Amino acid sequence: MLSNRRKFIRSATIGTIASLSIPSIVSATINNSKNKKVRLEKNDIVLFQGDSITDWWRDRNNKNANDFGALGQGYPFLASCQLLSKYPEKGLQLYNRGISGNKVFELADRWDTDCLSLKPNVLSILIGVNDFWHTIGLGYKGTIDIYRDDYKKLLTRTRQALPNVKLIIGEPFSVKGMSAIDNNRWYPAFDAYRQAARELATEFDATFIPYQSIFDKALETAPGIYWTNDGVHPSTAGASLMANAWLQVVKG
């Protein structure tokens, strides 16, 4: 019992230190990126899209806005909680439509239903890690060119249907040395996917969130296992890091 208590106290202390560090970690990186901020307007519809990092145990049968089950348990939920408490007068509607395992072409397959029909004013997309990861032992034959071309087509289609949508593009990221990451097979190949996302953000006048730099900076305060479960999926602390970064590129 005493041993468990000591472990709890130690974990709580580490968590407190890390939580205090999160805003400064994010601020330093976001400020260096010189990104424009997305302004939220009254009655804006905000949509989070992506793969498992966005999905994160959401109830896919629940289509409601601003709902516990519908928003999942990851960074979209944490960011949404902050927005809804900070801007109650804006009447924001926040949705999560991430689906675990998705690659860009799978986003495209469901885009009419899970994006365009919602007519979001703010669209946040984080996609790309599976477009690379699934080529390693999982049979996917995609390439960096396919990822870039598919993503560009998706963004072009989005701009045509929603010309005034405010875009946020998250950088695909990974944390070296974790269970899902074979450094010899991931790098430098995966870096090209990160660069492609950054270039597309510039091309489509989107706000870019440099998640890789943020996680790299976070590793100076705590080891990888603190911030991510396997090098791809964030821990609770990692999800908080991501939500904080997302919120720092948005203003009321």
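Just so it is clear, the model here is predicted, and its values are computed rather than measured. Reckoned from all heavy atoms, side chains included, excluding hydrogens, waters and symmetry mates.
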Could you report the tightest heavy-atom contact between [X] and [Y], atom names first, then the distance?
X      : Y      : result
Asn183 : Gly177 : OD1-N, 3.6 Å
Ser80  : Leu94  : OG-CD2, 3.6 Å
Met178 : Gly224 : SD-C, 3.8 Å
Ile169 : Ala197 : CG2-O, 4.0 Å
Ser124 : Trp246 : OG-NE1, 2.9 Å
Glu41  : Leu92  : O-CD2, 3.8 Å

Practice item. Would you tell me whether Ser174 and Tyr187 have side-chain atoms, one donor and one acceptor, within less than 3.5 Å of each other? Key: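 Checked: Ser174/Tyr187 side chains pair up, N/O donor to acceptor below 3.5 Å.
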Check your understanding: Do Ser100 and Trp57 have side-chain N/O donor and acceptor atoms under 3.5 Å apart?
Key ->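 Distance-only check fails for Ser100 and Trp57.
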Point to revise | Derivation and outcome, side-chain hydrogen bond (donor to acceptor under 3.5 Å, both in side chains), residues Asn229 and His233 | key: CA-CA 6 Å; Asn229 298 329; His233 300 96; over 6 Å; no
Side-chain contact test, heavy atoms from C-beta onward, threshold under 4.5 Å: evaluate it for [X] versus [Y] and give yes or no.
X      : Y      : value
Leu126 : Met242 : yes
Tyr95  : Ile45  : yes
Arg159 : Leu167 : yes
Asn96  : Asp55  : no
Pro210 : Phe208 : yes
Val175 : Trp227 : no
Leu162 : Pro120 : yes
Leu155 : Ile125 : yes

Check your understanding: Quick one: ring-ring contact (aromatic ring centres under 6.0 Å, His included) pairs with a partner in residues 145-172, sequence neighbours left out?
Key ->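 Checked against ring-ring contact (aromatic ring centres under 6.0 Å, His included) - neighbours excluded - the pairs reaching residues 145-172 are Tyr147-Tyr151, Tyr147-Tyr193.
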Exercise for review: In plain terms, say whether Lys152 and Asp149 are close enough for a salt bridge, that is, a side-chain N and a carboxylate O under 4.0 Å apart.
Suggested key: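 No.
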Practice item. May I ask you to say whether Lys176 pairs ionically with Asp216, meaning some side-chain N is under 4.0 Å from a carboxylate O? Key: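 A salt bridge is absent here (no side-chain N lies under 4.0 Å from a carboxylate O).
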**Study point:** salt bridge (Lys or Arg N to Asp or Glu O under 4.0 Å) involving Arg148 - partner list, sequence neighbours excluded
**Key:**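 Listed in chain order: Asp145.
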Check your understanding: Run the side-chain hydrogen bond (donor to acceptor under 3.5 Å, both in side chains) check on Arg198 and Gln212 step by step: do they pass?
Key -> CA-CA 11 Å; Arg198 180 182 291 271; Gln212 185 66 63; over 6 Å; no
Exercise for review: Answer yes if Phe105 and Leu200 sit in the same cluster of Ile, Leu, Val, Met, Phe, Trp and Tyr residues linked by side chain heavy atoms under 4.5 Å apart, and no otherwise.
Suggested key: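 No; tracing contacts between hydrophobic side chains, which count when under 4.5 Å, never links both residues.
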Check your understanding: Do you reckon Phe132 sits in the same ILVMFWY cluster as Ile99, going by side-chain contacts under 4.5 Å, direct or chained?
Key ->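 They do not share one cluster, since no chain of ILVMFWY contacts under 4.5 Å joins Phe132 to Ile99.
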**Study point:** Whether Arg110 side chain and Arg97 backbone form a donor-acceptor pair below 3.5 Å
**Key:**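 Answer holds: yes.
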Review point. Can you tell me if Ser85 uses its side chain to pair, donor with acceptor, with the backbone of Gln82 under 3.5 Å?
Key: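 Yes; judged by distance alone, with no hydrogens or angles, the pair exists.
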Review point. Would Leu47 and Cys115 satisfy side-chain contact (heavy atoms from CB on, under 4.5 Å), going step by step from the backbone distance to the final call?
Key: CA-CA 8 Å; Leu47 173 62; Cys115 177; 3.9 Å; yes
Exercise for review: Verify the ring-centre separation between Phe77 and Trp56: is it less than 6.0 angstrom?
Suggested key: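 No.
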Point to revise | Nearest-0.5 Å distance, OG1 of residue Thr207 to CD of residue Gln248 | key: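 The CD atom of Gln248 is 13.0 Å from OG1 of Thr207, to the nearest 0.5 Å.
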Practice item. Report the residue from Lys166, Arg39, Lys90, Lys119 that forms a salt bridge (charged side-chain N to carboxylate O under 4.0 Å, His left out) with Asp44. Key: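 Among the candidates, only Lys166 passes.
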Practice item. Using the six-membered ring of Tyr140, assess whether NZ or CZ of Lys103 lies under 6.0 Å from its centre and within 45 degrees of the ring axis. Key: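 Because its charged atom sits under 6.0 Å from the ring centre and within 45° of the axis, Lys103 does stack over Tyr140.
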Check your understanding: Parallel under 30°, tilted from 30 to 60°, perpendicular over 60°: which one fits the rings of Tyr75 and Phe48?
Key ->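 Rings of Tyr75 and Phe48: perpendicular, as their planes differ by over 60°.
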